[in-house]
Amino acid sequence: MLNFLIIIIVFICMEGATWCIHKYIMHGFLWVLHKDHHDHSSEGLLEKNDYFFVIFATPAIALMYFGSLADFNYVFYIGLAVSLYGMAYFFVHDIFIHQRLKVLRNTNNTYFLALRRAHKQHHKHLGKHFGECFGFLYVPKQYFKKKKQ
């Protein structure tokens, strides 16, 4: 039960960490890697922004590895939660929102439509400044209200 709680708590905390990383690192000193995600300047299937998958997966894999060496202690489950969040990010952000695979195009789900709207608002700004909606799974209420109008 404790391991399950660790996974849930870390997964939820990853939303706050993602917001901070996105706003201050990806739109900060690592803008050089994130820029092509906003201005679509890359050619081909991959973007420089895709390096973030490796950057974020590395500590998660290390946590799972070292936690497994210690009889699958809490460190393993922290790494597992970070990995699960990364998988959710990939499926929701890359597949659902940005349609890198042409599936899940049509939905009437209020949450998913609000999520897509908030992310489009984030991408309205092509530069690294003046951004908004830096989170991933949390959607501000205003994007749900637009659905009702």
Side-chain angles (χ1 to χ4, degrees), residues 1-40 42 45-125 128 130-144 146-147:
M1 182 64 170
L2 178 61
N3 296 333
F4 181 73
L5 284 174
I6 290 170
I7 291 170
I8 296 300
I9 290 168
V10 171
F11 188 95
I12 291 168
C13 289
M14 283 301 298
E15 181 67 15
T18 299
W19 187 94
C20 290
I21 290 165
H22 191 179
K23 181 174 175 86
Y24 297 110
I25 295 175
M26 296 169 83
H27 280 256
F29 67 93
L30 286 181
W31 176 250
V32 67
L33 294 179
H34 190 56
K35 181 178 187 273
D36 65 349
H37 183 64
H38 280 265
D39 67 12
H40 306 289
S42 65
L45 186 64
L46 298 176
E47 306 172 335
K48 288 181 191 173
N49 185 68
D50 293 329
Y51 283 116
F52 285 112
F53 281 112
V54 176
I55 292 168
F56 298 135
T58 301
I61 292 167
L63 287 167
M64 290 192 309
Y65 173 73
F66 290 113
S68 71
L69 294 179
D71 293 325
F72 293 90
N73 68 1
Y74 70 95
V75 173
F76 173 84
Y77 293 97
I78 291 171
L80 181 60
V82 173
S83 296
L84 291 171
Y85 188 88
M87 285 186 249
Y89 186 93
F90 173 75
F91 285 112
V92 173
H93 179 264
D94 285 73
I95 294 177
F96 174 70
I97 294 174
H98 285 290
Q99 290 291 301
R100 288 180 83 170
L101 298 175
K102 305 300 183 201
V103 296
L104 305 173
R105 287 178 169 214
N106 301 317
T107 182
N108 289 323
N109 181 282
T110 303
Y111 170 75
F112 285 124
L113 291 172
L115 183 68
R116 190 180 272 162
R117 243 182 243 103
H119 199 76
K120 285 185 184 226
Q121 186 66 25
H122 174 75
H123 278 271
K124 176 177 96 171
H125 307 283
K128 74 187 239 182
F130 310 113
E132 52 193 286
C133 299
F134 289 98
F136 165 56
L137 295 174
Y138 170 76
V139 180
K141 290 180 186 178
Q142 67 199 46
Y143 297 101
F144 287 99
K146 290 183 179 181
K147 163 86 170 134

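Because the structure is a prediction, the values reported are computed rather than measured.
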request  = Only one of H122, H37, H119 passes ring pair (Phe, Tyr, Trp, His ring centres under 6.0 Å) with H22; say which it is.
outcome  = H122
inquiry  = Is there a side chain to side chain contact (heavy atoms under 4.5 Å, CB included) between I21 and M26? Walk through the geometry before answering.
reply    = CA-CA 6 Å; I21 290 165; M26 296 169 83; 4.3 Å; yes
For [X] against [Y], the heavy-atom pair lying closest together:
X    : Y    : value
V139 : A118 : CG1-CB, 4.2 Å
A88  : F11  : CB-CZ, 4.0 Å
T107 : L113 : O-CD2, 3.6 Å
K128 : G28  : NZ-O, 3.4 Å

message = Per the salt bridge (charged side-chain N to carboxylate O under 4.0 Å, His left out) rule, what does the pair list look like for residues 13-32, sequence neighbours excluded?
response = none
Under the rule for ring-ring contact (aromatic ring centres under 6.0 Å, His included), what residues qualify as partners of [X], not counting sequence neighbours?
X    : value
F112 : F96
Y77  : none
F52  : F56

task = For the pair T18 and F134, evaluate side chain to side chain contact (heavy atoms under 4.5 Å, CB included) and give the outcome as yes or no after the intermediate values.
result = CA-CA 8 Å; T18 299; F134 289 98; over 6 Å; no
key: D36 backbone acceptor or donor facing N49 side chain under 3.5 Å   = no
query = What's the verdict on side chain to side chain contact (heavy atoms under 4.5 Å, CB included) for M87 and F90, showing C-alpha distance, side-chain angles and the deciding distance?
reply = CA-CA 5 Å; M87 285 186 249; F90 173 75; 5.7 Å; no
Do other residues, nucleotides or ligands put more than 12 heavy atoms under 6.0 Å from the [atom1] atom of [X]?
X    : atom1 : result
K48  : NZ    : no
F53  : CZ    : yes
Y111 : OH    : yes

remark   = With sequence neighbours left out, the residues meeting salt bridge (charged side-chain N to carboxylate O under 4.0 Å, His left out) with D39 are K35
inquiry  = Going by salt bridge (charged side-chain N to carboxylate O under 4.0 Å, His left out), name the residues that satisfy it together with D50, two or more places apart in sequence or in a different chain.
reply    = R100
Value rounded to 0.5 Å, distance of [atom1] in [X] from [atom2] in [Y]:
X    : Y    : atom1 : atom2 : result
L63  : S68  : CG    : OG    : 11.0 Å
F76  : N3   : CZ    : CG    : 9.0 Å
L137 : Y89  : CG    : OH    : 10.0 Å
T110 : L115 : OG1   : CG    : 12.5 Å
I97  : K120 : CD1   : NZ    : 10.0 Å

key: Any Y138 side-chain heavy atom under 4.5 Å of W19 side chain   = no
message = Under the criterion ring pair (Phe, Tyr, Trp, His ring centres under 6.0 Å), I'd like the reasoning laid out for H38 against H27: C-alpha separation, chi angles, the key distance, then a yes or no.
response = CA-CA 10 Å; H38 280 265; H27 280 256; 4.9 Å; yes
